[in-house]
2 protein chains.
Amino acid sequence: MSQTDGRELAPGDVPASGVDYSFVLASASPARRRVLADAGINPIVQVSGVDEEALTAALIAERGAIAPADLALALAQAKAQDVARHVAEQPRRLVVGCDSVFELDGIAYGKPLTSEVAIERITAMAGRTGLLHTGHWVVLDGREVGRTATTTVEFAPMRTAEIAAYVATGEPLQVAGSFTLDGRAAPYVRRIIGDPSNVLGISLPTMRDLVETLGVPWPALWGAATGAATG
Amino acid sequence: MSQTDGRELAPGDVPASGVDYSFVLASASPARRRVLADAGINPIVQVSGVDEEALTAALIAERGAIAPADLALALAQAKAQDVARHVAEQPRRLVVGCDSVFELDGIAYGKPLTSEVAIERITAMAGRTGLLHTGHWVVLDGREVGRTATTTVEFAPMRTAEIAAYVATGEPLQVAGSFTLDGRAAPYVRRIIGDPSNVLGISLPTMRDLVETLGVPWPALWGAATGAATG
């Protein structure tokens with residue numbers, strides 16, 4: 001599900017400024033925006049019109065079953081392509097779609113949405129190990145490339161009252177996997193194996209690899225999309 | 001170098017609010033303050049008077065050599081104890097000292113301070129794997145406990161021009177190991193094994209373990225030190 005169409009980058013191939021590129025993030029996630037801003041990229045946010053539940057149901061109907069990592073990539077691709085179709089044509093405009101799912105015992109979990117579901121899921125996760133998959137899809141000047149990154153996440157045991165206290169803060173309700181590595185759940189994540197930004201919703205080393213495949217050296221994006229550095 | 005003196009916590013042992021505790025961070029590091037704030041803790045900052053270079057030299061003179069993980073713990077202990085001696089006596093007041101060192105090929109590296117040193121170190125690190133050690137020391141009501149946490153950090157290869165562009169941002173000059181996992185270096189960290197907050201300068205799962213050893217359930221600290229939640 002990946003397509004590469006790049007050119008080789010030379011060792012000195014780093015422009016002085018990123019003002020030539022714009023970076024459109026096809027996601028409303030504040031966590032993704034923050035990861036990008038911390039890394040020097042201030043994206044334009046343009047949420048896609050993709051109906052994730054309908055697309056997931058269609059993919060399962062079509063294939064019989066879909067692995068969580070493949071589901072994340074298919075959703076990321078759909079979001080990026082939808083936004084790329086709807087924003088104005090412009091050269092050097094990256095459109096980036098992402099989708100995160102948390103896998104425990106082979107089952108994919110998205111946002112819990114309610115406190116009851118969050119408590120149930122966190123109780124199942126505590127003391128155990130799951131996989132956080134984030135699909136990434138990048139469209140640039142009509143070319144496109146995508147990849148899912150996977151990070152192993154090991155949770156500490158949690159007391160019943162701690163789970164209730166964490167859920168009562170509201171933090172886990174709107175996040176894939178019902179936990180926030182950049183928030184109050186961090187003390188309960190004993191260890192990860194992989195890229196931490198992937199757990200937050202957008203893997204920066206994966207993004208670097210993908211944009212380089214499209215011929216863009218990463219520092220060329222610093223300051224994108226507005227030309228104003230945020231760091 | 002660790003001392004435990006706690007009581008058992010019961011499954012329901014989570015107070016509703018953290019206003020009874022104060023949290024004094026013996027460090028000026030903005031990264032540590034941000035990690036704590038993101039996790040719901042707003043510490044009082046009180047920088048220690050410890051001369052790190054002199055203490056490091058004294059430890060090496062005394063022991064002949066000191067492992068990077070032990071050095072980090074000794075410096076964290078010295079900072080916490082110094083601040084605990086100088087702030088006013090108060091019950092339920094945690095004083096926390098931390099120190100981070102980056103180990104590559106068995107050698108401990110602190111802050112590079114100058115661009116020349118940062119370029120040299122990052123060039124040596126790129127494409128290789130190092131260890132980020134953070135020592136933690138907690139003093140509470142006259143009892144104390146400490147531990148070093150270690151995270152493995154794998155760097156992607158970097159082009160010469162990328163290293164120069166990153167160093168030119170100034171970000172790596174004041175951080176142990178010459179890289180920022182929460183900044184522009186994140187795309188160049190392919191993978192970590194361990195706790196990401198440890199790489200940022202204070203391991204939250206380690207802090208949770210340490211304060212629980214002292215009888216404090218972690219959510220009791222939410223809102224500390226000011227009683228005002230930051231999340």
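Each chain gets a letter, A, B and so on, in the order the sequences are listed, and its residues count up from 1. Everything quoted here is computed from the prediction, not taken from an experiment.
- Looking only at heavy-atom pairs under 4.5 Å with chain B, the residue among Gly183(A), Ala156(A), Ala149(A), Ala168(A) that has the most is Gly183(A).
- Taking every heavy atom of both residues into account, Pro187(A) and Trp218(B) meet most closely at CG-NE1, 3.3 Å.
- The part of Arg208(B) that comes within reach of chain A is its side chain, from C-beta onward, which places non-hydrogen atoms under 4.5 angstrom from that chain.
- Of the atoms belonging to Asn198(A), not a single heavy atom falls under 4.5 Å from chain B.
- Considering CD of Glu212(A) and CZ of Arg159(B), their distance stands at 4.0 Å, rounded to 0.5 Å.
- What you find for Glu171(A) and Asp38(B) is that their closest heavy atoms are OE2-O, 4.3 Å.
- For Arg128(B), the side chain to side chain contact (heavy atoms under 4.5 Å, CB included) partners two or more places apart in sequence, or in a different chain, are Leu104(B), Asp105(B).
- Here the straight-line distance linking atom CZ of Arg191(A) with atom CG of Asp195(B) works out to 11.0 Å at 0.5 Å rounding.
- With sequence neighbours excluded, the residues that form a side chain to side chain contact (heavy atoms under 4.5 Å, CB included) with Ser27(A) are Leu25(A), Ser29(A), Arg32(A).
- Sorted by first and then second residue, the ring-ring contact (aromatic ring centres under 6.0 Å, His included) pairs with a member in residues 147-169 of chain A read Phe102(A)-Phe155(A), Phe155(A)-Phe179(A); sequence neighbours excluded.
- The shortest heavy-atom contact between Arg184(A) and Ala39(B) is CG-O, 3.4 Å.
- Below 4.5 Å, heavy atoms of chain B meet heavy atoms from Leu204(A), Pro205(A), all part of residues 200-207 of chain A.
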